[in-house]
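Notes follow the structure.
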Amino acid sequence: RKGNDSTTENRYGKNGTSQIKGRRKMRTAYISIVGRANVGKSTLLNAIIGEKISIVSNKPQTTRNRITGIYNRDDMQLVFVDTPGMHTPHNKLGEHMVKAAKEAMDDVDAAILVVECKPPRTTEKRIIERLNAEGTPTVLVINKIDRVKKSEIIKTIEEYSKLGEFASILPISALKKDGVKIVLDEIMPFTNEDGVQYYPDDIDTDQTVRQMASELVREKILRNMHDEIPHGIAVEPLVFKDRENKNGEPVTDIVLNIICEKESHKGMLIGKAGSMLKKTASEARADIEKLLGNKVNLQCYVKVKENWRDSEKIITELALFDD
């Protein structure tokens with residue numbers, strides 16, 4: 001359900017606009033999923049689509065750019081946009097992430113604001129102010145309710161109710177898929193009955209498989225590494241080529257660079273006798289094979305580019321953002 005690079009780029013323009021012929025009328029909507037970092041936005045998107053569209057980890061700022069997930073059902077197509085978590089940026093990479101999150105709130109039919117059972121902070125208040133100013137219908141999702149008491153949920157609902165008008169307030173657990181269907185039901189009033197199909201029926205994301213494979217490698221690093229290292233890495237795909245092995249079976253050769261900021265980080269990413277790099281590649285290969293449906297030959301190399309997160313030139317070269 002994810003085309004290869006060439007088919008994806010043929011179907012969609014630079015901004016993701018559908019170029020398919022014979023688009024039919026259907027109920028449609030663009031919905032932005034917004035909120036603070038690490039509140040479960042990507043987990044919610046994956047639960048809605050029923051596929052792993054966006055990588056997840058327990059570390060903040062896992063999502064770096066807008067991730068599009070496409071929900072298809074009969075004569076309806078909902079386009080969900082997962083966004084980087086809102087935060088105070090400390091480098092140019094962070095500035096790009098916040099810009100991507102803010103832009104994703106513009107020109108949408110509705111928004112899903114994801115929060116945890118905690119008092120609203122400045123970040124949430126600013127997001128609510130922006131959505132209210134734009135007149136964007138907003139569904140407030142209180143996530144991770146499986147970890148808190150009922151009294152905390154009630155208190156959180158009361159506190160957020162004072163901040164603005166919400167189409168609905170829904171306590172859910174995206175991880176356990178508890179309440180996800182209700183989120184979809186609450187979005188329905190904001191769909192366009194006379195909309196036009198944006199994407200083909202069999203597409204659930206506009207990401208290329210090259211992008212998704214690279215993100216899966218980054219996900220494994222986020223999960224396996226600690227401290228500041230994960231936030232200082234990027235993954236640069238170099239080779240992505242399909243072939244057949246001697247038995248006529250399809251194999252995809254993938255070669256990529258893992259970019260880090262310091263020589264000391266390089267050593268930790270590789271590990272003793274290459275143990276950490278082998279672990280990362282092995283775990284990523286398994287997920288990429290599920291994604292592609294065939295065997296994968298994955299080769300990972302670690303390169304140092306000092307302070308790349310503050311280099312506009314390197315960020316552009318790595319094509320981490322749409323602009």
Side-chain angles (χ1 to χ4, degrees), residues 29-48 54 56-67 69 80-91 93-176 178-180 182-184 186-187 190 231:
Y30 259 89
I31 303 106
S32 180
I33 304 176
V34 298
R36 176 184 292 273
N38 208 31
V39 293
K41 300 185 297 298
S42 298
T43 303
L44 176 58
L45 175 66
N46 292 341
I48 288 172
S54 189
V56 293
S57 80
N58 60 1
K59 294 181 175 63
Q61 301 168 34
T62 297
T63 301
R64 282 181 171 168
N65 198 1
R66 295 184 294 270
I67 303 293
F80 292 90
V81 183
D82 183 20
T83 63
M86 295 293 289
H87 64 283
T88 302
H90 299 291
N91 48 50
L93 176 66
E95 291 172 4
H96 276 283
M97 291 166 63
V98 171
K99 180 173 180 283
K102 289 180 177 179
E103 289 178 346
M105 285 189 271
D106 298 333
D107 299 322
V108 293
D109 298 295
I112 298 173
L113 171 58
V114 184
V115 302
E116 295 178 298
C117 279
K118 297 177 181 179
R121 289 169 283 184
T122 302
T123 297
E124 286 84 8
K125 292 176 182 178
R126 287 176 177 171
I127 292 173
I128 292 169
E129 288 175 2
R130 184 184 182 102
L131 293 171
N132 285 345
E134 295 291 329
T136 305
T138 304
V139 174
L140 177 66
V141 166
I142 302 172
N143 193 25
K144 305 182 183 181
I145 61 168
D146 52 304
R147 304 181 183 181
V148 298
K149 297 178 181 178
K150 185 177 180 181
S151 59
E152 294 178 66
I153 300 172
I154 294 172
K155 184 179 179 181
T156 302
I157 292 173
E158 291 174 348
E159 290 175 334
Y160 272 95
S161 295
K162 300 173 184 177
L163 298 180
E165 293 292 327
F166 299 103
S168 54
I169 300 178
L170 306 174
I172 75 162
S173 171
L175 183 63
K176 297 183 178 296
D178 178 14
V180 173
I182 299 174
V183 175
L184 279 169
E186 292 299 313
I187 288 295
F190 311 113
H231 297 299

Can you give me the closest heavy-atom contact between V108 and Y30, atom names plus distance?
CB-O, 3.6 Å
Minimum heavy-atom distance A29-D109, with the two atoms named
CA-OD2, 3.3 Å
How many angstroms lie between atom OG1 of T43 and atom CD1 of I48, to the nearest 0.5 angstrom?
11.0 Å
Of the non-hydrogen atoms in T83 and A101, which two are nearest, and what is the gap between them?
CB-CA, 4.0 Å
Indicate the atoms forming the closest heavy-atom contact of N132 with G164, along with that distance.
ND2-CA, 3.7 Å
Under the side chain to side chain contact (heavy atoms under 4.5 Å, CB included) test, residues paired with K125 that sit two or more places apart:
L163
Going by side chain to side chain donor-acceptor pair (under 3.5 Å), name the residues that satisfy it together with S54, two or more places apart in sequence or in a different chain.
S42, D82
Please check if the number of heavy atoms outside L184 that lie under 6.0 Å from its CG is greater than 12.
yes
Partner set under salt bridge (charged side-chain N to carboxylate O under 4.0 Å, His left out) for R126, not counting sequence neighbours:
none
To the nearest 0.5 Å, how far apart are CD in E116 and CD in E124?
9.0 Å
Result block: side-chain N/O donor-acceptor pairs under 3.5 angstrom for residues 165-173, not counting sequence neighbours:
| from | atom 1 | to | atom 2 | distance (Å) |
| --- | --- | --- | --- | --- |
| S168 | OG | E186 | OE1 | 3.3 |
| S173 | OG | D146 | OD1 | 2.9 |
| S173 | OG | K176 | N | 3.4 |

Rounded at 0.5 Å granularity, tell me how far OG1 in T63 sits from CG in N38.
10.0 Å
Smallest separation among heavy atoms of I153 and C117, with atom names
CG1-SG, 3.7 Å
Quick one: side chain to side chain contact (heavy atoms under 4.5 Å, CB included) partners of S57, sequence neighbours excluded?
K59, T62, L222, R223
Any side-chain heavy-atom pair of L44 and F80 under 4.5 Å
no
Rounded distance (nearest 0.5 Å) linking atom NZ of K41 with atom CD1 of I112:
12.0 Å
Check whether any side-chain heavy atom of M105 lies under 4.5 Å from a side-chain heavy atom of I127, and answer yes or no.
yes
Could you report the tightest heavy-atom contact between V180 and A47, atom names first, then the distance?
CG2-CB, 3.9 Å
Could you tell me which residues satisfy salt bridge (charged side-chain N to carboxylate O under 4.0 Å, His left out) with D107, sequence neighbours excluded, listed by chain and number?
none
Qualifying residues under side chain to side chain contact (heavy atoms under 4.5 Å, CB included), relative to N91, sequence neighbours excluded
L93, R309, D310
Under the rule for salt bridge (charged side-chain N to carboxylate O under 4.0 Å, His left out), what residues qualify as partners of K155, not counting sequence neighbours?
none
Exactly one of I33, L45, V81 should register a side chain to side chain contact (heavy atoms under 4.5 Å, CB included) with I67. Which one does?
L45
Partners of T123 by side chain to side chain donor-acceptor pair (under 3.5 Å), sequence neighbours excluded?
R36
Kindly say whether A100 contributes a backbone atom to a donor-acceptor pair with the side chain of E103 at under 3.5 angstrom?
no
Flag the pair V39 / N143 as yes when at least one side-chain heavy-atom distance between them is below 4.5 Å, and no otherwise.
no
Partners meeting side chain to side chain contact (heavy atoms under 4.5 Å, CB included) with K150 (sequence neighbours left out)
I154
Enter the distance from L140:CG to I128:CD1 here, rounded to the nearest 0.5 Å.
6.5 Å
